[in-house]
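Order of the sequence lines fixes the chain letters, A, B, ..., with proteins taken first and strands second; residue numbering starts at 1 for each chain.
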Amino acid sequence: MPTKEPSPACQGETEVPGGIYVHIPFCMRKCPYCDFYSITDLELLPVYLNALHAEIRLTAAENNFPCDTLYLGGGTPSLLGPEALQRLIQEIRCRHPLPENAEITLEVNPGSMSPETLKAFRQAGINRLSIGVQSFSDARLQFLGRIHSAEQAHATIQAARAAGFDNLGLDLIYGLPDQTAGDWAEDLEQATAYGPEHLSCYILSYEPGLPLTRKLHSRLFTPLPNEAVAALFEQTIAFLSTKGYEHYEISNFAAQTGLRSRHNQKYWTFAPYLGLGPSAHSHQDGRRRWNHRSLSRYLSDLAAGRLPLETEEILSHQQQILEAVFLGLRQSRGIDLGWFDKKFKMNFQEVFAETIQRLHQEGFLQVTAGHCRLTTTGKLVLDGIVDLFVAGL
Amino acid sequence: MPVSVSAEVFDWGKKVKHIRNFSIIAHIDHGKSTLSDRLIQATGIVPDREFMDQILDTMDIERERGITIKSNTICLPYKAKDGKTYSLNLIDTPGHVDFTYEVSRALASCEGAFLLIDASQGVEAQTLANLYLALEHNLEIIPVINKIDLPSADVEWVKTQLKEDLGLDPQTAICTSAKEGIGIQEVLESAVKLLPAPKGDPEAPLQALIFDSHYDAYRGTVVHTRIFQGRLQAGDTIMFMSNKAVYKVEEVGVFQIRRVPRNELTAGEVGYVIAGIKTVSDTRCGDTVTIKNKSCAAPLPGFKEAKPVVFSSIYPVAADDYQELTEAIEKLKLNDAALIYEKDSSAALGFGFRCGFLGLLHLEVVQERLEREYDLSLIITAPSVRYELLLFDGATVMIDNPALYPDPTLIKAAKEPFIRATIITPDRYMGAIMKLCMDRRGVNSNYQYLTSNRLEMKFELPLAEVVYDFYDKLKSITQGYGSFDYEILEYRETDLVKVDILINGEKVDALSQLIHRDRATERARLACERLKEEIPRQMFKIAIQGAIGAKIISRETISPFRKDVTAKCYGGDISRKRKLLEKQKKGKKRMKMVGQVMIPQAAFLSVLKTED
């Protein structure tokens, strides 16, 4: 695996390879905290796949950047089954050439497939799994409305290893009501015991309009106080660092630099990417576009031979700066000032001098080795810090 | 019966004896606008389908608050029982104590006035004040007892008050219900019979009174005038006597909701003049208009420069709106000659204007109009009166802006303006009012019973205490029954201090206030508490302090939040988060940064809000 730091893509330069994201909008059951688009009517899977293949063909013509990652996300993409998945990967490789060593990630949810299926996935060309474990506690899994048990989570990880996956990412969620430092330490212990190459540890967030958020607003439960969540965040970083993990993005940890999610980093570094499937987002050279979220609209557009695009936006200079700041500060490497100054033809340290000084004083931020990055306490208040930068724009 | 007569039938201007110029004067809410509406409807100049209530109150703010801010005039053709057609000029006057001078100029344009009294409320403070004003101008007064349809109406009780409190003949009173249309014909008929026709010589040199003006985007300033002597027509070269400004008249006419041009206006008439006047600052309420080359010997008496008593600074919330604010305030000034302003600047708020107002209502009206009509978001600093400071070097300085308050060690003595407040109230609220006025440093109180259970109370109060929520407080403790009027007395010695508000040690100049020492600690504490409520927690600790000089007199702390992070970027959907940030940034345009602390507009406003 290459160990070079990915550098942000510069506008107009195409040598930084892009990625392809495929959204599989199907789940056996909707999780009450999840804001990704998915439906539970699995009968629509075949029609959806037809449309997806059509989209792959339609986008082949205009997708002119080389890619080295493919990410199959959802939803629950493992619901596709190995054959359909293999055909899908084949179709993509055929229309959008990927190198031999491309990172091909599949999101899987415990309880949705057998060990044999996992083997077949490996065979189908998947070389990285992102497993939606979320927790090793049945009570917390239940709170999150997951369909699987802790036991099934363990089984899936073991089966994945047995199937030959040597690049595993585990997703965990913390900051649940009443969750103690001890509870969370247990989850982290159990997760790291498998030596996963990658860990995503997300703070539970309450997005507007979701069932869990409504429950919160109806006071059916008391959220974990922010102070406690902050402590768990710090605990996460401290614990995973003792286990040798590199904290490279707010919620993401890699066993080593080369084992970071190559695909997800494209989102944070202005690299180009092509999104396929309902609600999928694409980006190239400051142009962002995305597909219709509704499956029916997606299907009807493609049936009519049209790309199922909902919106396209060309980012203004100002908007690109804003994105560069908030995406840059999410990453532990921070904002590459040389890159920033060149790309935006301005001096970051001069323009934001007052904000930088104040944040530095408070111990939130450092400027070292040509990068502006947040400290751990700074990362905890990332949104507020970004606001300060934005206000100075 | 509505009488509709086309304009040509009238021989305007020469039939002075068929002209009646009058106002309706009343305490607020006694039904002045409704009575005006009925008179207009009765004469049929507005087709019913075009009619709307409070037709003379053209500003949203007037309709919403049920008050009249701008004068308005309407010329009503009325066919009287004697078979002749009269032109009745109704001059609507502002209905608030802040606008006493404007009212006096409008009254100076009249020969008579209807004194309107609510049949269930009786005589109130402004009834008295307005009656006295009308009597000063020797107007013929016709009492009108309105709202007689109300179950609580007590006509005999009001008649007793007319006789005993006001010294008027209750026999002449007309009973009306403007709402139900009762007594409207009697009002019109009595205007013809009881009010005198105007006098004046149409051949004498022009002498015309400006009693108001408004700005028309197409025609410039429209001057509202009463011709006392001479005549005025298009093509005349006129001069304003106070500032010698000269204009050529483009159009004259009368108001009938719309402007109706006439060939000329002659002595006794009320109407408008359009003369390419770009700035309303050239027209001053109370000024005299004459013909440049044939001017009258002397201006009409009573002209005064508008004298502001309340001062405050206005800043745009977003600094880049300063230019827009400048344009808006200039435009507003076109219609509001009483508003005075000069450029001001604040370290916290950037550029703005220091403004002088006739009173607190005037301030609120200006603020609301700027915000509504010009879509501006504003920060208004604490209203202040003008203080007189005697310095050790013998100099005397007048200060209304805390930013200009000199080093206290240089000040030998300070004086503040006092007023005499007149409050009329049912006697059951006497104790509460006494307490309010004593709390507000009131002195020399006295009272007298007007009737068996109604009191007239008088106090001498510092104006500074009155501009700070006094009227609202009075309304609330008297459940709306207390009425209030005031006149300015003189400057009296006071113990003045300047209270500063500091945020993270940085002085927020826009929040400084000049205040009596006894009230300083309380006000500073209130300001700190309010700021603590309104300033959102941020990632830094925020210290809020109130201080007199270097001495801290109150303190609050806002603890920082520890966690404010979006844990998850939704895949490649970067736009979602960016849009959120953009939206927040837009929201933050309404915030001010002081020492890296974002202070929302609401926080500034809360400090100025009164205790409740």
Side-chain heavy-atom pair A:Ile203, B:Lys563 within 4.5 angstrom cut-off: yes
*Exam field: side chain A:Arg330 to backbone B:Thr566, donor-acceptor pair closer than 3.5 Å*: yes
Comparing A:Ile385, A:Asn252, A:Thr355 against chain B, the one with the most heavy-atom pairs below 4.5 Å turns out to be A:Ile385
OG of B:Ser575 to NE2 of A:His281, rounded to nearest 0.5 Å, is 6.0 Å
Answer key: most heavy-atom pairs under 4.5 Å with chain B among A:Tyr71, A:Phe326, A:Tyr21 is A:Phe326
| said: Would A:Lys379 and B:Val565 count as a side-chain contact (heavy atoms from CB on, under 4.5 Å) here? Give the steps. | reply: CA-CA 7 Å; A:Lys379 283 172 184 157; B:Val565 55; over 6 Å; no
CG of A:Leu327 to NZ of B:Lys577, rounded to nearest 0.5 Å, is 10.5 Å
Whatever's closer than 4.5 Å to a heavy atom in chain B on A:Gln319 counts as both
Looking only at heavy atoms, the pair that brings B:Leu581 and A:Asp387 closest together is CD2-OD1, 3.5 Å
One should read off an interatomic distance between A:Arg358 CZ and B:Asn504 CG, to the nearest 0.5 angstrom, of 6.0 Å
inquiry  = Does atom NZ (B:Lys498) have a neighbourhood of more than 12 heavy atoms from anything else shown, all under 6.0 Å?
reply    = yes
State, with a plain yes or no, whether a side-chain heavy atom of A:Arg288 is found less than 4.5 Å away from one of B:Arg578.
yes
Value for OH (A:Tyr273) from CD1 (B:Ile574), rounded to nearest 0.5 Å, stands at 4.5 Å
Does atom CZ of A:Phe36 have more than 12 heavy-atom neighbours, drawn from other residues, nucleotides or ligands, at distances under 6.0 Å? yes
Here the gap from B:Leu580 atom CG to A:Asp383 atom CG, rounded to the nearest 0.5 Å, amounts to 8.0 Å
* **Heavy atoms of other groups near B:Asp407 CG, more than 12 under 6.0 Å** => yes
To the nearest 0.5 Å, atom CE of B:Met539 lies from atom CG of A:Leu388 at 3.5 Å
Check: Does the distance from a Lys or Arg side-chain N to an Asp or Glu carboxylate O, for B:Arg576 and A:Asp35, drop under 4.0 Å?
Finding: yes
Turns out that what part of A:Glu207 lies under 4.5 Å from chain B's heavy atoms comes down to side chain
More than 12 heavy atoms of other groups within 6.0 Å of B:Lys579 NZ: yes
Inset, instruction - Any chance you could lay out the side-chain contact (heavy atoms from CB on, under 4.5 Å) test for B:Arg562 and A:Asn226, step after step, and finish with the verdict? - result: CA-CA 7 Å; B:Arg562 278 256 287 142; A:Asn226 276 339; 5.8 Å; no
If one checks every heavy atom of A:Glu234 against chain B at 4.5 Å, the contacting part turns out to be side chain
